[in-house]
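Data block below; observations after.
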Protein chains: 2
Amino acid sequence: MPEQAETLRRTPLSRDRVLRAAVALADEAGIESLSMRNLAQDLGVVPMALYKHVANKDELLAGMIDVVVGEIDPAVAGGDWKQAVRRRILSAREMLLRHPWAPLAIESRNTATPAILAYLDSMIGTFRAGGFSVDLAHHVMHAMGSRILGFSQELFDASRRAGRSGTPDPEPPAADFPPEVAAAFPHVAEIARAASHDDESVVGPGCDDQFEFEFALDLLLDGIERLQRQGWTSSHRSR
Amino acid sequence: MPEQAETLRRTPLSRDRVLRAAVALADEAGIESLSMRNLAQDLGVVPMALYKHVANKDELLAGMIDVVVGEIDPAVAGGDWKQAVRRRILSAREMLLRHPWAPLAIESRNTATPAILAYLDSMIGTFRAGGFSVDLAHHVMHAMGSRILGFSQELFDASRRAGRSGTPDPEPPAADFPPEVAAAFPHVAEIARAASHDDESVVGPGCDDQFEFEFALDLLLDGIERLQRQGWTSSHRSR
DNA sequence: CTCCTAGGTGTACGCCGTACACTCACGGTA
DNA sequence: TACCGTGAGTGTACGGCGTACACCTAGGAG
């Protein structure tokens with residue numbers, strides 16, 4: 001029976017293998033290329049085979065999210081809450097840089113996954129251990145919002161988004177608009193000009209993402225620290 | 001010729017009518033129901049007719065975004081930058097409450113639309129007029145991120161997202177987990193419990209969205225004000 | 001040896017966006 | 001009046017999507 005090559009189907013499918021292949025596919029080809037059909041092809045299998053391991057595409061997405069959220073460094077107990085939170089969030093951000101599809105995938109879901117809940121829970125635990133009241137911890141979590149998972153929530157700089165891994169950015173990453181655009185939006189243009197000049201130690205022209213992220217993070221953490229030091233309580237619901 | 005009813009086709013299509021109908025459809029039925037086919041049916045027209053007025057679905061989305069961003073109150077010149085920014089952002093948030101599909105639509109696009117650029121430009125202008133350096137204005141815009149457009153960027157509270165306009169939330173909006181979930185995520189459960197108790201003046205159980213939004217907004221604005229008062233410059237790139 | 005079962009297959013359906021060729025009422029010109 | 005170009009709306013068709021459902025089949029349990 002020479003059909004051996006057929007019978008030894010490559011290592012049999014499993015939920016884990018499906019999820020890992022899906023993450024790899026989304027990392028390399030972009031989330032828009034992640035279809036059940038493409039994924040099945042990558043795994044050398046017919047599309048419907050996937051449904052023996054995930055209920056549907058939505059559950060596949062949820063599983064992928066749990067995989068990547070699981071990559072975030074675990075919390076370290078003890079020590080300064082501020083440093084602990086800062087380090088953990090920067091670790092989350094590193095994960096997101098490896099999986100640029102994750103923010104959109106997480107935000108388009110309507111329910112949190114178990115891994116996300118676990119992450120949030122341990123983050124709240126860090127605040128509570130740092131002496132935060134339940135209320136203050138609650139509001140602070142809201143204030144950090146999705147930044148707590150490392151999201152940059154840009155919206156502002158339209159350049160960065162385009163860069164997919166494949167080509168090394170064929171367009172120069174912007175920062176120079178066509179002049180009629182610059183005239184229409186003078187303040188945006190002014191900032192873009194300044195940012196493309198003073199690139200001290202910044203790789204290309206444009207914004208230093210890491211700096212911007214930490215700027216915002218520290219702005220929040222410093223504000224939070226001040227509230228906590230002042231013994232904030234919900235009676236402060238001012239204005 | 002009694003076919004008059006056919007010849008007087010209802011008010012002829014136009015880009016504006018298409019965009020307004022699309023916004024209305026997304027508002028009422030959710031962004032996931034916005035297909036070219038559904039939209040055409042709402043307009044009493046065949047799907048391909050839409051393509052005489054918008055290039056493709058992506059351009060339709062961009063047009064819809066420009067429509068709703070145009071609903072944000074215009075900037076008022078003069079006066080306190082902090083109040084001006086605060087008011088404008090709260091106006092943006094009101095717009096988003098009318099168009100809950102907008103955040104996802106905006107974030108999933110890879111380029112800013114003209115209306116968004118104009119909004120950002122005038123926001124930067126407010127900071128600059130308030131005495132901010134180009135650099136500080138730049139970083140501050142990054143730090144506000146998509147919150148500047150009124151985004152709440154929740155990720156935390158899984159309850160709110162479900163609520164579509166149609167049914168009046170058949171499920172109680174959560175805040176009470178099944179007990180085994182509460183045991184697995186004790187800190188999350190603690191906050192949910194506290195938030196569902198102390199609803200002073202809050203409508204249902206759960207979080208007071210408006211309060212959480214303003215809490216985060218003021219945390220940022222207060223931090224920004226402090227930086228600006230202290231004469232922040234890029235040499236402060238510390239840590 | 002038989003039967004059950006779990007994992008992989010094949011076909012099919014109803015959506016989606018949209019390319020492309022068409023009809024046909026209209027306004028301008030000769 | 002006759003023509004004709006133009007542009008809005010039509011009809012058909014294609015390839016891709018998620019996935020329901022019936023089927024096959026290899027391997028283990030009795």
Side-chain angles (χ1 to χ4, degrees), chain A residues 1-23 25-26 28-65 101 104-105 108-111, chain B residues 1-23 25-26 28-65 101 104-105 108-111:
Chain A
M1 54 284 276
E3 292 95 343
Q4 205 182 4
E6 281 185 8
T7 41
L8 65 77
R9 335 186 140 335
R10 64 207 104 254
T11 56
L13 242 42
S14 75
R15 181 177 166 90
D16 197 65
R17 241 168 67 79
V18 169
L19 294 184
R20 289 182 191 287
V23 168
L25 178 55
E28 290 157 22
I31 190 72
E32 73 283 358
S33 311
L34 177 73
S35 67
M36 299 304 271
R37 287 165 148 94
N38 281 346
L39 177 56
Q41 185 169 335
D42 274 20
L43 287 162
V45 109
V46 90
M48 287 311 293
L50 303 175
Y51 288 86
K52 300 289 177 177
H53 302 276
V54 297
N56 49 48
K57 188 170 183 180
D58 201 63
E59 209 214 68
L60 174 74
L61 261 305
M64 294 169 64
I65 290 171
W101 49 270
L104 215 67
S108 24
R109 290 193 55 77
N110 44 16
T111 57
Chain B
M1 57 283 278
E3 293 94 343
Q4 202 182 5
E6 281 185 10
T7 40
L8 64 77
R9 333 189 138 337
R10 64 206 104 253
T11 55
L13 243 40
S14 76
R15 180 178 165 90
D16 198 65
R17 241 170 64 79
V18 168
L19 293 184
R20 288 181 192 287
V23 168
L25 178 54
E28 289 158 23
I31 191 74
E32 73 283 358
S33 312
L34 178 74
S35 68
M36 300 304 270
R37 288 166 147 95
N38 281 346
L39 177 56
Q41 184 168 335
D42 274 20
L43 287 163
V45 108
V46 88
M48 287 311 293
L50 303 175
Y51 288 85
K52 299 291 179 185
H53 304 276
V54 297
N56 49 46
K57 187 170 183 182
D58 201 61
E59 207 212 70
L60 174 73
L61 262 308
M64 294 169 65
I65 290 171
W101 49 270
L104 214 65
S108 27
R109 289 192 56 76
N110 44 15
T111 58

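Since the structure is predicted, the reported quantities are computational estimates derived from the model, not experimental observations. The sequence lines fix the lettering, A, B, ..., with proteins before strands; numbering per chain opens at 1.
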Take the protein atom [atom1] of [X] and the nucleotide atom [atom2] of [N], then report the distance between them rounded to whole Å.
X       : N      : atom1 : atom2 : value
A/Leu34 : D/dG18 : CG    : C1'   : 12 Å
A/Gln41 : D/dG16 : CD    : P     : 11 Å
A/Glu32 : C/dC16 : CD    : C1'   : 17 Å
B/Arg15 : D/dA8  : CZ    : P     : 13 Å
B/Arg37 : D/dA13 : CZ    : P     : 14 Å
B/Leu39 : C/dC15 : CG    : P     : 17 Å
A/Ile31 : D/dC17 : CD1   : P     : 14 Å

* Measure the CG-CG distance between A/Asn110 and A/Asp58 for me, rounded to the nearest 0.5 Å. =>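 So the CG of A/Asn110 and the CG of A/Asp58 are separated by 7.0 Å.
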* Non-hydrogen side-chain atoms of B/Leu34 and B/Trp101 separated by less than 4.5 Å ->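 Side-chain contact under 4.5 Å: no.
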* To do: Side-chain contact test, heavy atoms from C-beta onward, threshold under 4.5 Å: evaluate it for A/Met36 versus A/Val54 and give yes or no.
  =>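 The answer is yes; the side chains approach within 4.5 Å.
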* To do: Consider the side chain of A/Met36, meaning its heavy atoms from C-beta on, and name the nucleotide among D/dG18, C/dC16, D/dT10 that approaches it most closely.
  => D/dG18
* Asked: Do side-chain atoms of A/Lys52 reach the backbone of A/Leu13 as a donor and acceptor pair under 3.5 angstrom?
  ->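 The answer is no, because no donor-acceptor pair under 3.5 Å joins these two groups.
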* Is it the case that more than 12 heavy atoms not belonging to A/Glu59 sit under 6.0 Å from its CD atom? -> yes
* To do: Within residues 48-59 of chain A, find the residues that approach DNA chain D with a heavy atom at under 4.0 Å, and present them sorted by residue number.
  =>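 A/Met48, A/Tyr51, A/Asn56, A/Lys57, in order of number.
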* Asked: For B/Asp16, what residues pass the side chain to side chain contact (heavy atoms under 4.5 Å, CB included) criterion, not counting sequence neighbours?
  ->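 Partners of B/Asp16 under the side chain to side chain contact (heavy atoms under 4.5 Å, CB included) test: B/Ser14, B/Arg20.
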* Asked: Taking the nucleotide of DNA chain C with the closest heavy atom to each, which residue, A/Ser14 or B/Ser35, is nearer the 5' end?
  ->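 Mapping each residue to its closest nucleotide by heavy atoms, the 5'-most match is A/Ser14.
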